[in-house]
Amino acid sequence: LTGYDLSMEDIRNFRQLHGKTPGHPEYGLTPGVEATTGPLGQGLAMAVGMALAERLLSREFNREGFPLVDHHTYVFMGDGCLMEGLSHEAASLAGVLGLGKLIAFWDNNETSIDGPVRPWFADNTPARFAAYGWHVLPGLDGHDAAGLKRAIAKARRVTDRPSLLCCRTIIGQGAPAKAGSSSCHGAPLGAAEIAAARKILGWHFPPFEIPADIRAAWDARKRGARAEKRWQDLFAAYAAAYPCLAAEYNRRVLNGDLPADWEKPLAEYMAALQKEGRLEASRVSSRKILDLLGPALPELVGGAADLTASVGTRWENCPAVTRDNPGGRHIFYGVREFCMGAVMNGLALHGGVIPYGGTFLVFADYAKAAIRLTALMKRRVIWLLSHDSLQVGEDGPTHQPVEQLAMLRLTPGLHVWRPCDAVETAAAWQAAIARVAGPSCLILSRQNLPTLPRGEGALAGILRGGYILREGKAGPEVILIATGSETLLALQAAETLEKRGRSARVVSMPCAELFAEQDPAWKEQVLPHTARARVAIEASAADWWYKFVGSDGGVVGMTTFGESGPGKPVYEYFGFTVDAVLNQVKDACLRCGI
């Protein structure tokens, strides 16, 4: 009806395999769908991100007489969406930022899957949103189209805060026996109820047939073409008046391209880092890389969940995004990890910006649902997840990540980088920015990491996810695979093995997902199938690594939660020592008969 490439036959194929109309809307599959929704509350938070992107870009590109970026963001949400804790996080942030072009419709039918919601959802929602700083229009009839049109016009006139339209509705209206009940939520009405509903609604047309007058009323293609022509004329005049801004808008917003040779300064920086031999935590390395990237890539918009300094998400002199400064580049999300992830998804979906956000690795648990949706939608979102291991120490097992790396790595389409030094951290940033069709997580350390020795060819190998960092004197009799701070431990163990007559190769595996995408020849070169005596070393869940070491290999990893204490003693207590690695190598060699 609206001109998208979606036919009535596609509607007939609702929820069928390989159809365009899945059980929940999917971005990139169904034409016209702007975001994958279904996990309740995430639609609202993504809408906040879209409205924020509109405001950031309008501030950057609009000029007097040229409202190039000028649109509202609308979101529909039900009672269930408002029960989710994410709705509080997102609504609070939208209110404090004063996102005046965000308009939300609350479909208040007082029914969820378990039935009438009053026993478990009796919030005063209008008062709640008013307390967040929203403009609230209560008591609307959600079935009164003319009344809703007037309410939308009123909401659009309020520009200093988001608006909530409280729309009372009846679920399944028109179905005589099931209207107002949870049985309308996802199940077919049944033949008898459908027939009765058609009679009540006065709908006498064959199934899937749309009357000509209704089809014509819905057809907005000519009106849309006129609006598009007006915008194109505006942009042509804008390009004549502001050619540099127009070229930048074309690059970033319309085409989604990166600047030419943007990665060249980063490659030079990596080479300089390798020569310098820096000793620093990778979270510090990451922040220094942002000093280089932030001014050079205006599309980078970052933020943190109340951990800006701890994670290192704000480059020097980076302006903050606030209600009074809508043109900033760093967002203070507050303690709202889930909200941050979903808002970043909205920013990425809108386009024109590359969002990144930071928190501690252990708190990826709070954000997992948003990270999963990013991967499902294949959008470029970058996570900076610091304090990556047991060496967090005194904060204890609540803050020592053990299972989070495996959780992230098991998410399809997500690239997880755990760099071993400043050089690999720079490479991880380069790969994450260059990766258009998927999210990346950069796992960063609080503990200092030395710059490890590597040959020139190894620099290119980093960008393949896994590479030979150190070769044994007689080829790969034993292979040690490591990431992050454990890569130094692998090198130390390899040196000891060489002294004892064992030739040991060290493979740095900063991004196993990227390594898995390489051609078979590269993977065989790095991990030859004939070299079965393999040991993986990582201060994380051990089980995940058996895919690389096989049944003959061993893993120096974690099978329990951590303990509270100074970082180094805790690290050693759980077996991250040269002796523990050597014991695993000994056992692997025995199993392999060498």
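As the structure is a prediction and not an experimental result, all values here were calculated from the model.
- Put simply, the side chain of L52 reaches to within 4.5 Å of the side chain of I331, judged on heavy atoms.
- Of all heavy-atom pairs between L444 and P419, the closest is CD2-CG, 4.3 Å.
- Judged by distance alone, the side chains of T21 and D10 never bring a donor and an acceptor atom under 3.5 Å apart.
- Side-chain N or O atoms of R435 include none that pairs as donor or acceptor with a backbone N or O of R379 at under 3.5 Å.
- Side chains of I433 and W262 form a contact here, defined as non-hydrogen atoms less than 4.5 Å apart.
- Donor-acceptor pairing under 3.5 Å is lacking for the side chains of W383 and S440.
- Residue H185 qualifies as open at atom NE2: its count of foreign heavy atoms under 6.0 Å is 12 or below.
- In terms of heavy-atom proximity, L165 sits nearest to A151 at CD2-CB, 3.8 Å.
- Atom CG of L347 sits about 9.0 Å away from atom CG of N345, to the nearest 0.5 Å.
- No donor-acceptor distance shorter than 3.5 angstrom exists from the side chain of R252 to the backbone of D257, with no hydrogens or angles considered.
- Checking side-chain atoms of S92 against main-chain N and O of E89 turns up no donor-acceptor pair under 3.5 Å.
- What you find for R251 and E248 is that their closest heavy atoms are NH2-OE2, 2.7 Å.
- Taking 4.5 Å as the limit, every side-chain heavy atom of R287 sits out of range of all side-chain heavy atoms of V311.
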side-chain contact (heavy atoms from CB on, under 4.5 Å) evaluation trace for L442 with V416
CA-CA 6 Å; L442 276 58; V416 181; over 6 Å; no
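- Of the possible donor and acceptor atoms, none in the side chain of S282 sits under 3.5 Å from a partner among the backbone N and O of S285.
- In this structure, D306 does not pair ionically with R336, as no charged nitrogen and carboxylate oxygen lie closer than 4.0 Å.
- Using modelled atom types, no side-chain atom of T313 and backbone atom of A309 make a donor-acceptor pair closer than 3.5 Å.
- No side-chain donor from either of D395 and Q400 sits under 3.5 Å from a side-chain acceptor of the other.
- Using a 4.5 Å heavy-atom threshold, the side chains of M46 and V75 count as separate.
- When all heavy atoms of C167 and G142 are compared, the pair lying nearest together is CB-CA, 3.8 Å.
- T111 contributes a side-chain N or O that, together with a main-chain N or O of N109, makes up a donor-acceptor pair within less than 3.5 Å.
- To the nearest 0.5 angstrom, R418 atom CZ is 11.0 Å from T425 atom OG1.
- Counting only distance, with no hydrogens or angles, the side chain of N62 and the backbone of V69 share a donor-acceptor pair below 3.5 Å.
- W120 CH2 to D114 CG: the interatomic distance, rounded to the nearest 0.5 Å, is 5.0 Å.
- A donor atom on one side chain and an acceptor atom on the other are found under 3.5 Å apart for R128 and S87.
- The aromatic ring centres of Y238 and W231 sit 6.0 Å or more apart.
- T169 contributes atom OG1, which lies 3.5 Å from atom CG of D107 (distance to the nearest 0.5 angstrom).
- For the atom pair C184 SG and L189 CG, the distance stands at 5.5 Å (nearest 0.5 Å).
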For residues 33-43, run the donor-acceptor check on the side chains, cut-off 3.5 Å, and write out each pair with its distance to 0.1 Å, sequence neighbours left out.
{"unit_1": "T36", "atom_1": "OG1", "unit_2": "Y27", "atom_2": "N", "d": "2.8"}
{"unit_1": "Q42", "atom_1": "NE2", "unit_2": "A369", "atom_2": "O", "d": "3.3"}

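- The main-chain N or O of D5 is found under 3.5 Å from a side-chain atom of K20 such that the two form a donor-acceptor pair.
- Under the side-chain hydrogen bond (donor to acceptor under 3.5 Å, both in side chains) criterion, E54 pairs with K101, not counting sequence neighbours.
- Looking only at side-chain heavy atoms (C-beta outward), L86 and L44 stay at 4.5 Å or farther from each other.
- There is a side-chain donor-acceptor pair under 3.5 Å between W106 and D79.
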Check against side-chain contact (heavy atoms from CB on, under 4.5 Å), F61 and V253:
CA-CA 10 Å; F61 288 104; V253 183; 4.3 Å; yes
Given T73 and H350, is the side-chain contact (heavy atoms from CB on, under 4.5 Å) satisfied, shown in steps?
CA-CA 10 Å; T73 300; H350 182 283; 5.8 Å; no
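- Close placement of the Y249 and F235 rings is indicated, their centers lying within 6.0 Å of each other.
- Annotation: side chain of L164 is in contact with side chain of T125 (closest heavy-atom distance under 4.5 Å).
- With a 6.0 Å radius and a threshold of 12 heavy atoms from other residues, nucleotides or ligands, I113 has its CD1 atom at or below the threshold.
- Remark: D219 does not engage R215 in a salt bridge, criterion side-chain N to carboxylate O under 4.0 Å.
- No side-chain donor-acceptor contact under 3.5 Å links Y356 to the backbone of A304.
- The environment of R329 atom CZ is dense: over 12 non-hydrogen atoms of other residues, nucleotides or ligands sit within 6.0 angstrom.
- Among residues at least two apart or in separate chains, ring-ring contact (aromatic ring centres under 6.0 Å, His included) pairs with a member in residues 134-175 are F129-W134.
- Put simply, the side chain of R161 never gets that close to the backbone of V96: no donor and acceptor are under 3.5 Å apart.
- The pair R168-D141 does not meet the salt-bridge criterion, since no charged nitrogen lies less than 4.0 angstrom from a carboxylate oxygen.
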side-chain contact (heavy atoms from CB on, under 4.5 Å), that's the test. Do L385 and V362 meet it? Break it down for me.
CA-CA 8 Å; L385 301 171; V362 75; over 6 Å; no
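- Note that the NE2 atom of H71 and the CE atom of M50 stand 9.0 Å from one another [nearest 0.5 Å].
- Summarising the local packing, CH2 of W218 is surrounded by 12 or fewer heavy atoms from other residues, nucleotides or ligands at distances under 6.0 Å.
- Under the 4.0 Å criterion applied to side-chain N and carboxylate O atoms, E337 and K368 are not assigned as salt-bridge partners.
- Taking all atoms of both residues into account, the shortest heavy-atom contact from P126 to V136 is O-CG2, 3.6 Å.
- Shown here for V381 and M344, the closest heavy-atom pair between the two residues is CG1-CE, 3.8 Å.
- Counting heavy atoms from C-beta outward, H330 and V301 have side chains that stay 4.5 Å or more apart.
- Looking at heavy atoms from C-beta onward, I443 lies in side-chain contact with C441 at the 4.5 angstrom threshold.
- The local environment of OH in Y4 is sparse, with at most 12 non-hydrogen atoms from other residues, nucleotides or ligands closer than 6.0 Å.
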